[in-house]
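All residue numbers in this chain count up from 1 along the given sequence. Side chains are part of it too, since the values below use all heavy atoms of this structure and drop only hydrogens, waters and symmetry mates.
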Amino acid sequence: MSYSHAGALQIINLLFQSLLSADLGTNEIKPYLAKDMPSVERQDSTTLFTYEIREAAEWTNGSPVTAEDVAFTLKVAKAPLLNNESLKPQLEFIQDIRIDADNPRRFTFVCSGYAPEMELLTGDFFILPAYLYDPENLLRHIEVATLSGNPSELENDEKLKAFAVKFNSPDFGRDPALLQGSGGYTLENWENGQYLTLTRKKDWWGNNTSNTQHLTAIPQRVSFQVIPDMTTAVLALKNRQLDVLEGIPVAEFEQLQRQEPFLKDYALHTPDAYEFTYAGINTRRPKFADKRTRQAIAHLLGIESVIRVSQQDYATPTVGPIPPSVADFYNTSLKHYTSDPAKVTDLLKASGWKKEKGGWYKNINGKKEQLTIEVIFRAGNTSYENAAVILQQNAAQIGIPVHVQGVESSLLASKSKQHDFDLYFRSLGGNPFAFNFKPLLHSDYAKEGGLNYTGFGTPESDEILDRISGTVTSRQEQASLLKRLQEIMHEEAAFISMYYTKERIAIHQRFTNTKISGLKPNYDVSAFTLKEDE
């Protein structure tokens with residue numbers, strides 16, 4: 001149920017379905033497995049969202065998708081011992097599920113509080129087939145309601161422990177016999193690190209349902225090639241060995257725009273992406289505990305230089321995690337941190353650092369320490385590497401040593417979760433429909449293993465995040481809270497948002513109905529149609 005890469009999301013989208021999802025052709029939320037958008041009923045501190053699953057929806061074996069499958073999926077998402085840490089906080093507001101005794105496809109989510117984006121969040125997770133994932137009914141005796149609050153006593157449940165052993169094993173997420181959902185495709189071949197091929201289902205239920213133009217499975221086969229090196233990938237594209245390539249580096253994209261023979265075969269697209277790059281500073285380290293030190297580092301990031309060097313015209317600076325394009329939520333009163341050596345010096349002095357021969361020093365807990373910065377980022381990503389080098393150069397001008405290290409993805413994740421870093425560069429994807437940053441920024445998630453890697457959090461920001469995720473009553477109130485959250489984030493300078501990007505995609509001209517979007521995965525390959533077939 002968890003994934004850490006946009007490429008994985010693309011593939012999961014073709015195998016599994018959620019109740020609701022975004023139609024990339026219109027950027028609107030539409031019912032997918034659900035028959036309609038949910039009905040909403042507010043009762044004091046509780047909100048009820050009622051869905052009905054499409055009558056035609058079925059699993060690969062032909063059995064119907066039912067409310068029991070939704071309940072099973074919630075159990076998997078919320079139960080202890082199961083590795084779904086990124087999904088758990090997103091669904092914690094769902095307290096229970098009530099299944100209609102007379103209609104096995106109709107059910108009601110019982111949710112705590114109310115927020116406008118709950119309508120999307122109640123439908124925005126992939127539904128799993130209970131018959132396939134839990135044939136021994138190991139989770140049947142557990143009620144969804146018992147998983148709300150603190151279900152730690154279930155950690156001794158023998159059946160749950162047995163299920164967790166299977167579910168958490170790496171093979172569980174790679175077995176073609178299990179990677180079968182209600183989507184239009186099944187997994188045909190998967191050679192780890194090389195390629196992955198999906199095949200269209202025969203007589204998929206979505207083909208026989210009316211008013212579902214956004215439910216598609218048109219290509220008979222979809223093949224994903226794993227090419228770790230982007231230079232090699234661009235060469236393959238130029239040699240017409242790929243139909244689609246996304247994430248093309250700026251320099252190569254600019255070159256492709258000037259190649260007439262290439263443009264006869266390929267269309268180039270640059271949708272505004274909902275992905276931003278940020279710098280995370282480890283506030284737990286004593287040398288970064290004072291926010292003025294972190295603010296000084298934010299000025300050293302040279303955001304404008306990073307954009308110019310690595311993104312050119314394909315990025316927009318931002319003051320926080322809200323896209324500047326979402327005008328009613330973006331805090332226009334703030335200005336992003338700019339290069340300012342004099343300001344850096346003032347901030348360092350104000351936070352107790354003294355310039356001496358060889359660098360900046362400060363007595364911390366009775367020990368003289370030098371201000372140094374270890375920077376890590378995912379190896380092979382030139383954007384992060386450029387940002388790290390620019391920080392290194394700017395810091396060197398005022399005497400702060402910066403050590404730069406690109407590391408492999410799994411090591412970066414491990415170091416982040418264990419808080420073993422000074423500063424890292426990462427990117428995060430989102431959408432314009434939901435702004436629940438609680439897992440990333442709330443202090444409840446700042447312990448080792450949680451998603452709040454930087455340790456950001458103040459009593460006020462925690463309260464704001466709680467209100468946004470549970471009690472906000474209007475978009476106006478949500479806007480006010482989000483703008484204040486951006487102010488606090490800007491002031492604390494632990495989670496420093498730098499810029500939002502434009503995606504850079506090439507798609508072969510022989511396709512139409514490609515549904516280009518700023519939303520991940522940026523195009524809908526299930527809708528691709530050969531022009532000759534139109």
Side-chain angles (χ1 to χ4, degrees), residues 1-2 17-20 31-53 57 64-82 84-131 133-134 137-157 159-160 163-164 167 434 436 438-439 442 444 465-473:
M1 296 182 74
S2 297
Q17 294 174 298
S18 48
L19 297 167
L20 310 174
Y32 275 64
L33 267 178
K35 186 176 180 181
D36 297 296
M37 298 296 287
S39 63
V40 183
E41 180 184 351
R42 297 181 62 182
Q43 298 177 345
D44 299 326
S45 61
T46 298
T47 308
L48 307 178
F49 294 86
T50 298
Y51 286 91
E52 183 173 341
I53 296 171
V65 181
T66 69
E68 290 289 353
D69 293 305
V70 179
F72 168 75
T73 306
L74 274 181
K75 295 175 189 177
V76 173
K78 295 168 77 73
L81 304 179
L82 305 181
N84 279 320
E85 295 307 317
S86 62
L87 189 58
K88 280 187 175 78
Q90 294 286 353
L91 300 179
E92 68 177 9
F93 69 94
I94 301 179
Q95 301 292 299
D96 198 4
I97 181 172
R98 298 172 184 166
I99 298 176
D100 191 323
D102 298 322
N103 184 348
R105 292 178 290 104
R106 183 178 169 85
F107 61 92
T108 298
F109 287 131
V110 181
C111 303
S112 60
Y114 174 76
E117 59 195 37
M118 278 186 181
E119 185 176 38
L120 167 63
L121 294 176
T122 55
D124 188 26
F125 57 97
F126 295 107
I127 305 302
L128 305 177
Y131 83 92
Y133 280 71
D134 188 19
N137 294 322
L138 294 172
L139 299 189
R140 173 163 289 183
H141 66 293
I142 297 175
E143 300 294 333
V144 170
T146 64
L147 298 172
S148 298
N150 182 13
S152 57
E153 62 184 36
L154 283 172
E155 292 179 5
N156 295 319
D157 185 290
K159 290 184 176 179
L160 175 58
F163 183 83
F167 184 83
N436 181 6
K438 190 171 181 178
H442 199 287
D444 283 353
L465 290 163
D466 287 335
R467 290 175 63 187
I468 290 173
S469 64
T471 63
V472 70
T473 57

* Asked: Do the side chain of Lys75 and the main chain of Leu139 share a donor and acceptor less than 3.5 angstrom apart?
  -> yes
* What pair of heavy atoms forms the shortest contact from Leu48 to Thr108, and how long is it? -> CB-CG2, 3.7 Å
* To do: Supply the atom-to-atom distance Leu19 CG to Lys35 NZ, rounded to the nearest 0.5 angstrom.
  => 14.5 Å
* Asked: Once you round to the nearest 0.5 Å, how far does CD1 of Ile142 lie from CG of Asp157?
  -> 5.0 Å
* Structure fact -> Result for side-chain contact (heavy atoms from CB on, under 4.5 Å) between Tyr114 and one of Thr46, Thr47, Asp44 points to Thr47
* From CA spacing to verdict: side-chain contact (heavy atoms from CB on, under 4.5 Å), Phe72, Leu128 -> CA-CA 7 Å; Phe72 168 75; Leu128 305 177; 4.1 Å; yes
* To do: Please answer whether the main-chain N or O of Pro129 pairs with a side-chain N or O of Asp69 as donor and acceptor at a distance below 3.5 Å.
  => no
* To do: Might you confirm whether atom NZ of Lys88 has over 12 heavy atoms from other residues, nucleotides or ligands at distances under 6.0 Å?
  => yes
* **Lys438 bridged to Glu92 by N-O distance under 4.0 Å** => yes
* For atom CD of Glu155, decide whether the heavy atoms of other residues, nucleotides or ligands shown that lie under 6.0 angstrom number more than 12. => yes
* Please name all residues satisfying ring pair (Phe, Tyr, Trp, His ring centres under 6.0 Å) with Phe107, sequence neighbours left out, ordered by chain then number. => Tyr51, Phe109
* To do: Without swapping roles, check the side chain of Lys78 against the backbone of Leu91 for a donor-acceptor pair under 3.5 Å.
  => yes
* Asked: Counting only heavy atoms not in Arg42, do more than 12 sit closer than 6.0 Å to its CZ atom?
  -> yes
* Taking Asp134 for the side chain and Asn137 for the main chain, is one N or O donor matched with an acceptor at less than 3.5 Å? -> yes
* Taking all non-hydrogen atoms of both residues, which atom of Ala71 and which atom of Val144 are closest, and how far apart? -> O-CG2, 3.8 Å
* Asked: What are the two closest heavy atoms between Met37 and Pro31, and how far apart are they?
  -> N-CG, 3.7 Å
* For the pair Gln17 and Phe126, evaluate side-chain contact (heavy atoms from CB on, under 4.5 Å) and give the outcome as yes or no after the intermediate values. => CA-CA 5 Å; Gln17 294 174 298; Phe126 295 107; 5.6 Å; no
* Taking Arg105 for its side chain and Ile53 for its backbone only, find out whether a donor-acceptor pair lies under 3.5 Å. => yes
* Looking at CG of Asp124 and OH of Tyr32, how far apart are the two atoms once the value is rounded to the nearest 0.5 Å? -> 11.0 Å
* Ignoring hydrogens and geometry, is there a side-chain-to-backbone donor-acceptor pair from Ser148 to Gln95 under 3.5 Å? -> yes
* Asked: For Pro38, does its backbone N or O pair with a side-chain atom of Thr50 as donor and acceptor, under 3.5 Å?
  -> no
* Could you check Val110 against Ile97 for side-chain contact (heavy atoms from CB on, under 4.5 Å), going step by step and ending with a plain yes or no? => CA-CA 6 Å; Val110 181; Ile97 181 172; over 6 Å; no
* **Over all atoms of both residues, closest heavy-atom pair of Leu147 and Ala79** => CD2-CA, 3.8 Å
* Structure fact -> Between Ala57 and Leu33, the two heavy atoms sitting closest are CB-CD2, 3.6 Å
* Minimum-distance pair of heavy atoms, taken over all atoms of Cys111 and Ile94 -> SG-CG1, 4.0 Å
